[in-house]
Amino acid sequence: MPSVSPSGPMPSWPDIPPPPAPREDHEILQLGRARVDPYAWMKFIPTSGSRSMDSLPPRLREHLEAEMRYAQGILHPLAADAERLYRCMARRAAEADEPLPASSGQWRYDARLPAGGAHRVFSRIGPDGGTQALFDEAERAEGHAYYRATDHQPSPDDRYFAWAEDVIGDDRHRICVLDTASGAIRVVAPADAFGYGGFAFSPSSRHLFWIWRDAHSRPTRLYRSPVEGGEAVLVYEEHDPAIFMQVARTAADGFVALTLAGPDVSEVRLIAAGAETAPPRLLRPRRRGVRYEVDEWNGALLMLTDADGAVDGKLLEIDPESFAVRRVLVPQRAGASILAIRPFAAALARLERVDGLHRLVLRHPDGREIPVAFDDPAYVIELAPSQPYRARQVRIRHQTPASPPRWIDVDLSDGQCRVVSQERLSDFDPGAYRVERLQAAAPDGATIPITVLSRADARADATQPLLLTGYGAYGISFEPRFSLAATVLVDAGFRYAIAHVRGGSEQGRRWYQDGCRDKKRNSMTDFIACARHLRDIGYAAPGGIVAHGVSAGGLLVCGAMNIDPGLWAGVIAQVPFVDMLNTMSDADHPLVPLLRPDWGDPLSDPEAYDYMAAISPYENVAPAAYPPVLCTAGLKDDRVPYWEPAKLVAAIRRHSTSGNPAVLLLNPDSGHQESDDRNGEFAQAALFWAYARHCVGAVD
């Protein structure tokens with residue numbers, strides 16, 4: 001592998017002129033304010049169906065094809081380095097096996113990624129030890145340029161196995177059900193289904209409840225379909241475009257729960273087992289500023305809520321018939337955020353975050369509690385899906401940035417841990433890496449956590465190039481998970497760091513509130529503070545920091561780039577949300593009504609308009625020496641449409657004084673996510689790492 005010089009030469013790029021982007025002054029009048037969007041012509045929404053290159057207006061198609069050729073020309077010199085990095089990832093990746101817990105019928109389900117394979121193979125092991133093949137995702141993906149499947153789940157009686165699959169790239173799924181008795185696969189919902197928490201078997205296994213997406217790609221209807229065939233029946237329809245929907249069975253299969261929620265509001269409607277065709281009952285009407293979710297345990301319903309000022313959550317016991325509150329089971333506790341609950345007959349498993357780190361708490365019916373934590377500087381605990389209510393242990397997945405996932409069964413009676421399986425990689429030693437938890441001081445005095453992955457043999461005073469990534473939005477925490485690709489980057493001479501900026505929930509609900517709406521700029525200045533801190537302590541070379549962000553993380557890194565363009569050696573923005581003001585002013589966008597509590601409403605609130613206008617990356621590109629910028633886009637993306645990064649790239653080219661390239665890497669077949677293909681995932685990461693290495697002066 002070529003070495004990297006912390007103070008290497010300035011990178012040279014091919015002398016290729018970028019595609020000209022005509023400027024057409026499109027004036028927008030809004031709330032008594034006027035703005036001009038010169039690249040508004042790049043936006044195209046088809047009247048029906050998903051976008052394709054063939055359906056684009058001719059001028060737009062020619063421009064995007066020119067962008068694709070330009071990206072290929074600029075990035076072509078990186079091909080050899082990217083290929084070396086890809087081979088390192090592929091060589092390190094071993095056959096992956098995710099052991100899933102036994103179901104209620106004692107079948108154990110298995111998702112395996114064969115050695116050298118790109119897609120998973122699903123099977124199950126019966127009580128007698130025999131293995132039954134279920135299906136191979138590679139066969140389902142054959143003939144499709146895009147394939148991604150999600151939410152795989154068995155029916156309660158173990159006869160059926162269901163999943164949602166997207167074969168277009170636009171996040172509109174079809175739901176498939178395998179009858180394990182006959183081997184037949186039937187498509188229950190042929191199109192326009194919602195695949196992320198969007199379907200569940202009924203407790204009797206006779207019905208499938210599933211969520212439909214409207215023409216704006218918003219989940220708006222709950223249907224019930226007979227598993228053995230028949231017409232779908234409308235169960236509930238939501239008319240508020242600011243509400244999201246999810247459906248699931250409760251732990252003891254007593255109810256199907258339809259959760260309707262936004263960032264600051266929610267309500268739950270329940271369908272009882274034994275009354276699966278009855279209308280759902282409302283547990284609590286939605287009330288702005290109050291969120292709750294429901295499960296069941298020990299003969300009662302459980303409500304996890306932030307009501308009455310419990311910003312980090314409290315647990316209430318609810319009568320399953322009258323829906324009245326019986327008692328407070330777990331009160332709000334300062335510094336301990338309740339992230340999730342998983343009820344079992346023997347104990348209630350509660351996942352919490354304390355001092356920024358996960359811990360598991362087992363609560364028994366008599367009130368006794370057992371905490372389970374780990375002593376790693378940074379780690380992640382996740383609860384495995386589909387765990388049977390009568391199980392004697394809870395299965396968790398534990399990982400750190402240096403240690404691949406391992407599956408652990410935690411005894412519900414005493415908290416004792418038993419490792420069930422460990423993901424093992426080829427020629428990989430977790431001890432070769434060091435994980436640290438550092439802290440940076442934000443301009444307003446807040447302390448921002450940073451997770452850093454380095455080689456264990458790298459001296460603390462050794463300056464290296466560094467890739468800094470972050471997210472900071474919607475209350476979603478950037479967890480310090482293991483990344484095989486990150487270990488390869490570290491082996492190639494980098495440090496890899498995560499900035500846990502405000503806007504996520506790494507330090508509780510208030511951490512999120514301090515990084516959204518009129519405090520969103522905090523996320524960007526937090527990210528800059530983390531970069532400067534890593535530079536100042538000698539972990540990152542001056543001029544050797546590459547920023548990386550995905551989606552709202554793209555807004556984070558591009559906003560930070562606008563504030564301090566000279567701090568970055570390069571910027572990698574995947575499907576970046578960067579046309580913030582224009583997008584949040586589009587009431588027809590699938591997510592805009594839902595996300596107004598996160599960003600504000602520039603259609604009705606002048607202060608929100610002015611704040612967005614001051615921080616939106618696209619609107620705030622100004623004459624400056626910009627670093628090299630690589631933006632990705634998916635043509636079929638409805639969440640962050642391709643025109644957002646396309647417009648940003650055009651604006652940077654017009655204003656930058658550095659001569660560095662701004663590149664739009666467009667995938668005409670994908671949406672917000674790439675196809676679920678491990679080889680494709682490694683190829684993309686290898687290209688990003690080769691790009692980052694070139695930005696800091698990789699020496700062959």
Side-chain angles (χ1 to χ4, degrees), residues 1-12 78 81-82 84-86 88-89 92 377-378 400-403 428-440 448-470 478 480-501 527-549 557 560-561 564 566-572 627-628 630 660 685-700:
M1 181 69 62
S3 64
V4 177
S5 170
S7 55
M10 293 293 292
S12 62
L78 310 181
D81 197 24
R84 283 191 290 266
L85 291 160
Y86 172 83
C88 288
M89 295 178 202
R92 180 161 293 176
T400 81
S403 302
F428 177 80
D429 176 14
Y433 303 90
R434 180 172 64 247
V435 177
E436 297 172 277
R437 194 76 156 185
L438 307 179
Q439 294 180 335
I448 316 303
I450 313 170
T451 300
V452 180
L453 177 69
S454 308
R455 288 283 306 180
D457 54 9
R459 300 193 322 272
D461 61 351
T463 296
Q464 292 180 274
L466 182 141
L467 185 130
L468 181 65
T469 188
F478 198 134
R481 293 184 173 87
F482 177 78
S483 165
L484 183 153
T487 64
V488 169
L489 178 67
V490 168
D491 287 345
F494 268 66
R495 283 189 170 97
Y496 175 86
I498 302 168
H500 300 283
V501 302
F527 193 75
I528 291 170
C530 291
R532 290 175 176 168
H533 178 72
L534 292 166
R535 179 196 63 191
D536 293 346
I537 65 173
Y539 270 36
I545 302 175
V546 176
H548 170 262
V557 301
M561 174 183 66
D564 190 352
L567 183 59
W568 316 102
V571 172
I572 302 169
L630 174 62
N660 287 318
L687 175 61
F688 291 162
W689 296 170
Y691 180 84
R693 283 166 46 79
H694 189 72
C695 287
V696 301
V699 180
D700 290 319

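Since the structure is predicted, the reported quantities are computational estimates derived from the model, not experimental observations.
The backbone N or O of Val452 sits nowhere less than 3.5 Å from a side-chain atom of Glu436 that would complete a donor-acceptor pair. Checking side-chain atoms of Ser454 against main-chain N and O of Arg495 turns up no donor-acceptor pair under 3.5 Å. Proximity of a side-chain donor or acceptor of Thr400 to a complementary backbone N or O of Ala378 within less than 3.5 Å is not detected. Side-chain atoms of His500 do not come within 3.5 Å of backbone N or O of Ile448 as any donor-acceptor pair. The main-chain N or O of Ile545 is never found under 3.5 Å from a side-chain atom of Arg535 such that the two would form a donor-acceptor pair.
The shortest heavy-atom contact between Ala499 and Cys530 is CB-SG, 3.7 Å. Between Val557 and His548, the shortest heavy-atom contact is CG1-O, 3.5 Å. Considering every non-hydrogen atom in both Pro401 and Thr451, the closest pair reads CG-CG2, 3.9 Å. Counting all heavy atoms, side chain and backbone alike, Tyr433 lies closest to Ala402 at CB-CB, 3.8 Å. Closest non-hydrogen pair, Ala686 versus Leu85, comes out as O-CD1, 3.6 Å. Of all the heavy atoms in Ala540 and Leu466, the pair that sits closest is CB-CB, 3.9 Å.
Rounding to the nearest 0.5 Å places CG of Leu468 at 3.5 Å from CZ of Phe527. Note that the CG atom of Leu534 and the CD atom of Gln464 stand 12.0 Å from one another [nearest 0.5 Å]. Here Ile498 contributes atom CD1 and Arg437 contributes atom CZ; the two are 8.0 Å apart, rounded to the nearest 0.5 Å. For the atom pair Phe494 CZ and Leu453 CG, the distance stands at 13.0 Å (nearest 0.5 Å). Here the CE atom belonging to Met561 is positioned 12.0 Å from the CG atom belonging to Leu567, to the nearest 0.5 angstrom. Atom SG of residue Cys695 and atom CD1 of residue Ile572 lie 7.0 Å apart, to the nearest 0.5 angstrom.
Taking the side chain as every heavy atom from C-beta outward, Trp689 and Leu467 approach each other to under 4.5 Å.
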Between Phe428 and Phe482, is a ring-ring contact (aromatic ring centres under 6.0 Å, His included) present by the stated rule, with each step listed?
CA-CA 13 Å; Phe428 177 80; Phe482 177 78; 5.7 Å; yes
Start with the C-alpha gap between Thr469 and Tyr496, add the side-chain angles, then the distance that decides, and say whether side-chain contact (heavy atoms from CB on, under 4.5 Å) holds.
CA-CA 8 Å; Thr469 188; Tyr496 175 86; 3.6 Å; yes
Could you walk me through whether Arg84 and Asp81 satisfy the side-chain contact (heavy atoms from CB on, under 4.5 Å) test, starting with their C-alpha distance in whole Å, then the side-chain angles of each, then the deciding distance to 0.1 Å, before giving a yes or no?
CA-CA 5 Å; Arg84 283 191 290 266; Asp81 197 24; 3.7 Å; yes
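Partners of Asp564 under the side-chain hydrogen bond (donor to acceptor under 3.5 Å, both in side chains) rule, at least two apart in sequence or in another chain, are Arg532.
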